[in-house]
Protein chains: 2
Amino acid sequence: MARKTSVSELTDHLGYWLRLVSNNVSTAFARRLEAEEVTVAEWFFLRALFDVDELAPSKLATVMGMTRGAISKLSDRLLAKRLIERSDNLDDGRAHTLRLSGKGRALVPKLARLADANDESFFGVLSSEEQAALRRALEKIAKRHGLNHTPVD
Amino acid sequence: MARKTSVSELTDHLGYWLRLVSNNVSTAFARRLEAEEVTVAEWFFLRALFDVDELAPSKLATVMGMTRGAISKLSDRLLAKRLIERSDNLDDGRAHTLRLSGKGRALVPKLARLADANDESFFGVLSSEEQAALRRALEKIAKRHGLNHTPVD
DNA sequence: TCACGTAAGTTTACATGGAAACTATATCGC
DNA sequence: GCGATATAGTTTCCATGTAAACTTACGTGA
């Protein structure tokens with residue numbers, strides 16, 4: 001992790017390498033998504049809605065690990081692009097419900113293929129065993145730290 | 001990496017896990033650095049200067065993988081905090097030289113210990129062998145994609 | 001039933017970083 | 001030497017996210 005001696009170097013930290021690779025993977029993915037005029041955050045948002053049919057913004061905030069404010073703005077953008085629909089909740093005057101529009105639902109599989117291709121382009125340099133080990137390590141850390149990829153309850 | 005069937009899930013992508021863990025590691029580190037009123041980007045900046053004595057902003061941009069504009073603004077902030085010094089280059093009227101101030105140099109070891117502790121808190125849940133494997137995998141990807149942690153030439 | 005505390009969303013104020021335009025200075029080719 | 005081009009840094013504009021204030025609506029307890 002870090003040298004024992006004096007002042008550790010940037011590259012001594014696994015966090016450094018994680019950040020370096022992660023930022024590059026995300027940036028490269030963002031470039032691919034540009035073709036569909038969608039951002040990485042929007043992809044997460046749309047994919048999260050894909051298998052639940054409808055979801056409250058606050059739940060989405062939890063799932064995505066973002067603030068409600070950020071979800072509010074993301075929703076505005078996706079609404080403007082007609083990729084989602086937002087409706088008032090009849091039971092609760094405060095609550096809203098978000099769902100994919102037909103256009104949004106149709107787009108998700110295409111975005112998923114872009115995600116597949118991006119993942120492959122980076123992690124394809126690793127053997128299957130290395131990929132599995134990487135996944136295990138990351139999941140282990142996520143689990144031990146209670147990181148949210150929180151299932152929609 | 002991704003399921004063969006229909007629409008891949010978020011968690012199918014290693015990029016998803018990488019981003020999840022990386023963002024959490026960085027955020028946690030940022031919290032620790034708050035005690036010293038320094039950001040993660042500023043830590044990188046200061047640590048990069050630590051062993052070279054002086055460096056041009058444009059070099060730093062390359063090393064840090066940021067734009068010159070970002071470095072310019074980072075420099076302004078670090079100057080305001082008196083952690084670095086900036087001087088005009090005598091040979092070249094366009095060029096500047098950045099170096100740590102005494103205060104900045106004194107701070108780096110403290111920040112390094114915070115980085116060590118943060119890394120330990122996340123990656124300590126992995127065995128030495130797992131940590132080594134993670135490092136190898138990340139370095140392999142970085143190398144194959146020419147990601148910059150570019151040594152100062 | 002109504003006052004108070006809580007919850008859902010939105011909005012505002014900030015912070016930060018990229019892209020591209022802009023300024024000043026070098027350097028190259030002739 | 002000088003015009004064209006490139007380079008160093010800065011600045012402006014924009015996008016995006018957090019934190020916290022704010023608005024509205026619930027729910028609960030006496």
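Everything numeric in this text was worked out from a predicted model, so none of it was measured. In the text below, chain A, chain B and the rest are named by the order of the sequence lines, each starting its count at 1.
In this structure, the CG atom of Asn23(B) is 17 Å from the P atom of dT16(C), given to the nearest Å. Phe44(B) places its CZ atom 15 Å from the P atom of dT16(C), with the value rounded to the nearest Å. Atom-to-atom, CG of Leu78(A) to C1' of dA15(D) comes out at 14 Å; the value is rounded to the nearest Å. In this entry the distance linking CG of Leu60(A) with P of dG17(D) reads 12 Å, nearest Å. Summarising the geometry, the separation between CD on Glu42(B) and P on dA15(C) is reported as 12 Å, rounded to the nearest angstrom. For Asn24(A) and dG18(C), the CG to C1' distance is 14 Å, given to the nearest whole Å. Between Met66(A) atom CE and dA8(C) atom C1' there is a gap of 17 Å when expressed in whole angstrom units. Rounded to an integer number of Å, the gap from Leu74(A) CG to dT10(C) C1' is 14 Å.
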Please tabulate, for the side chains in residues 29-42 of chain A, all donor-acceptor contacts under 3.5 angstrom to protein atoms that are two or more places apart in sequence or on a different chain.
| residue | atom | partner | partner atom | Å |
| --- | --- | --- | --- | --- |
| Arg32(A) | NE | Asn118(A) | OD1 | 3.2 |
| Thr39(A) | OG1 | Glu42(A) | N | 3.1 |
| Glu42(A) | OE1 | Thr39(A) | N | 3.0 |
| Glu42(A) | OE1 | Lys81(A) | NZ | 2.7 |
| Glu42(A) | OE2 | Lys81(A) | NZ | 3.2 |

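Each end of the helix from dT1(C)-dA30(D) to dC30(C)-dG1(D) gets its own rotation axis from five pairs of C1' atoms, and the angle between them is 10° to the nearest 10 degrees.
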Strictly under 3.5 Å: I want the nitrogen or oxygen pairs between protein and nucleotides 11-13 of chain C, one per line.
| residue | atom | partner | partner atom | Å |
| --- | --- | --- | --- | --- |
| dT12(C) | O4 | Lys73(A) | NZ | 3.4 |

Taking only nitrogen or oxygen atoms into account, show me every contact under 3.5 Å that the protein makes with nucleotides 3-7 of chain D, one pair per line with its distance.
| residue | atom | partner | partner atom | Å |
| --- | --- | --- | --- | --- |
| dT7(D) | O2 | Arg94(B) | NH1 | 2.6 |

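A donor-acceptor contact shorter than 3.5 Å is absent between the side chain of Arg47(B) and the backbone of Val108(B). In this structure, Asn24(B) contributes its side chain and Leu20(B) its backbone to a donor-acceptor pair below 3.5 Å. Between the Thr97(B) side chain and the Leu55(B) main chain, no donor and acceptor come within less than 3.5 Å of each other. Asp119(B) places a side-chain N or O within 3.5 Å of a backbone atom of Gly15(A) that can act as its donor or acceptor partner. Distance alone, capped at 3.5 Å, places no donor-acceptor pair between the Ser72(B) side chain and the Arg68(B) backbone.
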Could you walk me through whether Val21(A) and Leu147(B) pass the side chain to side chain contact (heavy atoms under 4.5 Å, CB included) test, one step at a time?
CA-CA 8 Å; Val21(A) 176; Leu147(B) 306 187; 4.3 Å; yes
Could you go through the side chain to side chain contact (heavy atoms under 4.5 Å, CB included) check for Glu85(A) and Leu98(A) one step at a time?
CA-CA 6 Å; Glu85(A) 291 162 359; Leu98(A) 303 172; over 6 Å; no
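Place Ile71(A) and Asp91(B) on DNA chain C by their nearest nucleotides, and Ile71(A) ends up nearer the 5' end. Residue-to-nucleotide proximity on DNA chain C shows that, of Gly93(B) and Ala95(A), the 5′-proximal contact is made by Ala95(A).
Contacts of Asp92(A) with the nucleic acid, taken as non-hydrogen atoms under 4.0 Å apart, involve only primed sugar atoms and P, OP1 or OP2.
At a threshold of 4.5 Å between non-hydrogen side-chain atoms, the residues His13(A) and Asp116(B) count as touching. Taking the side chain as every heavy atom from C-beta outward, Ser87(A) and Arg99(A) approach each other to under 4.5 Å.
One finds a side-chain N or O of Ser58(B) lying less than 4.0 angstrom from the OP1 or OP2 phosphate oxygen of dG9(D).
Note: Ser8(B) OG to Leu111(A) CG = 10.0 Å, rounded to the nearest 0.5 Å.
Side-chain atoms of Thr67(A) lie closest to dT18(D) of the nucleotides dA8(D), dT18(D), dG9(C). The nucleotide whose nearest atom lies closest to any side-chain atom of Ala56(A) is, among dG9(C), dA8(D), dG18(C), dG9(C).
The existence of a salt bridge linking Arg136(B) and Glu129(B) is confirmed by a sub-4.0 Å separation between a basic side-chain nitrogen and an acidic carboxylate oxygen. The pair Lys140(B)-Glu130(A) meets the salt-bridge criterion, with a side-chain N (NZ, NE, NH1 or NH2) lying under 4.0 Å from an Asp/Glu carboxylate O.
Interface residues of residues 25-39 of chain A facing DNA chain D, ordered by number: Thr39(A); criterion, heavy-atom separation under 4.0 Å.
Partners of Asp88(A) according to the side-chain hydrogen bond (donor to acceptor under 3.5 Å, both in side chains) rule, which considers only residues two or more places apart in sequence or in another chain, do not exist here.
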